[in-house]
Amino acid sequence: MKPWIHLDSAQMPDGGGELRLMRRDTEFSIMAGSIELMNSRLSGSEEALATLTWERLGGRPAPRVLIGGLGMGFTLRAALGVLPADARITVAELVPEVVAWARGPLAEVFQGCLDDPRVSIHTGDVAPLIASAPAVWDAILLDVDNGPEGLTRRANDSLYDLQGLARGRAALRPGGVLAVWSSAPDEGFTRRMKRSGLATEVVKVAARKGGRGARHVIWLGARG
């Protein structure tokens with residue numbers, strides 16, 4: 001097997017450590033220390049984050065969608081595949097280098113989706129966008145860490161505690177959906193979702209297309 005090649009590094013804000021972009025043949029990986037955060041061969045659950053959310057929105061017109069975390073663009077691409085032409089998608093990415101990777105070494109993975117006229121990129125924290133105004137978003141999709149028990153940045157905890165979930169609920173339009181991706185189950189987070197007033201579903205989905213191998217978790221919380 002060919003070795004991994006280190007393409008680039010980026011520093012997380014607030015002492016969150018280093019991200020490394022790696023490549024092996026046509027496979028890409030983004031690492032935080034020894035932990036793989038994402039891999040270009042494992043896109044199934046990130047895509048499901050978008051498609052499951054849209055199924056629950058019931059095809060509403062001109063939806064406004066906020067995606068927290070660009071990653072390798074799988075959630076964004078899946079959203080573009082199902083959302084209508086009048087949708088508006090804002091992607092918040094904290095690390096500028098990740099946006100640069102999307103237009104550089106990862107361009108073949110992103111397939112030009114950043115150039116879609118429905119998309120705007122916010123280079124910065126997603127939390128201020130959530131807190132900025134009530135009842136703005138039809139959907140908020142969060143994939144900013146390894147899940148509610150974050151690995152890379154302690155400040156992400158404020159998205160997943162009761163206060164953060166209350167802000168997320170308030171930022172949704174009636175019937176809107178807050179969707180959260182995680183690499184593993186978290187019963188405590190499920191309880192917090194329900195306590196925040198969101199009608200909560202927990203869905204286990206395959207990390208890899210085709211349904212084999214590891215399974216990830218998606219929480220879907222609807223504002224009544």
Distance-only donor-acceptor check, side chains Ser29 and Glu36, under 3.5 Å: yes
Would you say that Arg77 contacts Glu47 through its side chain, given a criterion of any heavy-atom pair below 4.5 Å between the two side chains? no
Examine Leu76 and Val99 and state if one hydrophobic cluster contains both, with Ile, Leu, Val, Met, Phe, Trp and Tyr joined whenever side-chain heavy atoms are less than 4.5 Å apart. yes
Take a 6.0 Å sphere around CZ of Arg195 and say whether it holds more than 12 heavy atoms from other residues, nucleotides or ligands. no
Is the side chain of Arg56 donor-acceptor paired with the backbone N or O of Leu52 at a distance under 3.5 Å, no angle test? yes
Atom pair OG (Ser9) and CE (Met22), whose distance is rounded to the nearest 0.5 Å: 8.5 Å
Could you tell me whether the side chain of Tyr160 reaches within less than 4.5 Å of the side chain of Val180, counting heavy atoms only? yes
Could you grab the distance from atom CZ of Arg192 to atom CG of Leu198, nearest 0.5 Å is fine? 12.5 Å
Identify the heavy atoms of Gly69 and Val144 that sit nearest to each other, and give their distance. N-CG1, 4.0 Å
Tightest non-hydrogen contact, residues Ala50 and Ala78, listed as CB-CB, 3.9 Å
Can a donor-acceptor pair be found, under 3.5 Å and without considering hydrogens, that links the side chain of Glu93 to the backbone of Leu70? yes
Side-chain contact, heavy-atom cut-off 4.5 Å: Pro61 with Pro84? no
For Pro105 and Leu21, which heavy atoms make the closest approach, and how far apart are they? CG-CD2, 3.6 Å
All heavy atoms of Val126 vs all of Gly68, minimum pair found to be CG2-CA, 3.9 Å
Evaluation steps, side chain to side chain contact (heavy atoms under 4.5 Å, CB included), between Gln11 and Glu97: CA-CA 9 Å; Gln11 292 298 319; Glu97 288 87 350; over 6 Å; no
Between Arg41 and Arg208, is the side chain to side chain contact (heavy atoms under 4.5 Å, CB included) condition met? List the steps. CA-CA 7 Å; Arg41 296 174 62 188; Arg208 187 188 301 269; 3.8 Å; yes
Where do Val98 and Gly71 come nearest, in terms of heavy atoms and distance? CG1-O, 3.8 Å
Presence of salt bridge, Arg23 and Glu108, under 4.0 angstrom: yes
Within the 4.5 Å heavy-atom criterion, are Arg24 and Ile5 side-chain neighbours or not? no
Side-chain contact test, heavy atoms from C-beta onward, threshold under 4.5 Å: evaluate it for His122 versus Val91 and give yes or no. no
Distance col, row Met38:CE vs Ser183:OG, nearest 0.5 angstrom, shows 11.0 Å
Out of curiosity, does Val205 fall in the hydrophobic cluster containing Leu37 (side-chain heavy atoms, cut-off under 4.5 Å, transitive links)? yes
Phe189 and Ser182, any side-chain heavy atoms less than 4.5 Å apart: no
Tested for side chain to side chain contact (heavy atoms under 4.5 Å, CB included) against Ile130, the lone hit among Leu178, Ile140, Val136 is Ile140
Decide side chain to side chain contact (heavy atoms under 4.5 Å, CB included) for Trp101 and Leu19; before the verdict, give the C-alpha distance in whole Å, the side-chain angles of both, and the deciding distance to 0.1 Å. CA-CA 12 Å; Trp101 295 344; Leu19 297 180; 4.3 Å; yes
Trp181 meets the ring pair (Phe, Tyr, Trp, His ring centres under 6.0 Å) criterion, sequence neighbours left out, with His216
Sidechain-backbone polar pair: Thr200 side chain, Gly221 backbone, donor-acceptor under 3.5 Å: no
Less than 4.5 Å apart, side chain to side chain, heavy atoms only: is that true for Val119 and Ile121? yes
If only atom types and distance count, is the side chain of Arg118 paired as donor or acceptor with the main-chain N or O of Arg88 below 3.5 Å? no
Flag, side chain of Arg223 to backbone of Ala170, donor-acceptor distance under 3.5 Å: yes
CA sep, side-chain torsions, deciding dist, call: Trp219, Val203, side chain to side chain contact (heavy atoms under 4.5 Å, CB included): CA-CA 6 Å; Trp219 288 269; Val203 182; over 6 Å; no
Are Leu141 and Phe110 grouped together when hydrophobic residues (ILVMFWY) are joined by side-chain heavy atoms under 4.5 angstrom apart? yes
Could you tell me whether a side-chain N or O of Ser45 sits under 3.5 Å from a main-chain N or O of Ala207, the two making a donor and an acceptor? no
Answer whether the closest heavy-atom distance between the side chains of Asp186 and Arg191 falls below 4.5 Å. no
Under 4.0 Å between a side-chain nitrogen and a carboxylate oxygen: does that hold for Arg64 and Asp138? no
ILVMFWY cluster, Leu129 and Leu172 together (side-chain gap under 4.5 Å): yes
Check: Glu27 main-chain N/O paired with Asp25 side-chain donor or acceptor under 3.5 Å: no
Atom CH2 of Trp54 and atom CG of Leu83: how far apart are they, to the nearest 0.5 Å? 5.5 Å
Quick one: closest heavy-atom pair of Ser196 and Leu165, and the distance? CB-CB, 3.8 Å
Look up atom CZ in Phe74 and atom CG in Asp143, then write down how far apart they are to the nearest 0.5 Å. 11.0 Å
Got a second to check how far Leu49's CG is from Ile67's CD1, nearest 0.5 Å? 7.5 Å
In the single-linkage hydrophobic clustering (I, L, V, M, F, W, Y; side-chain heavy atoms under 4.5 Å), do Trp4 and Phe28 co-cluster? no
Using atom types as modelled and distance alone, determine if a side-chain donor or acceptor of Arg167 lies under 3.5 Å from a backbone N or O of Ser132. no
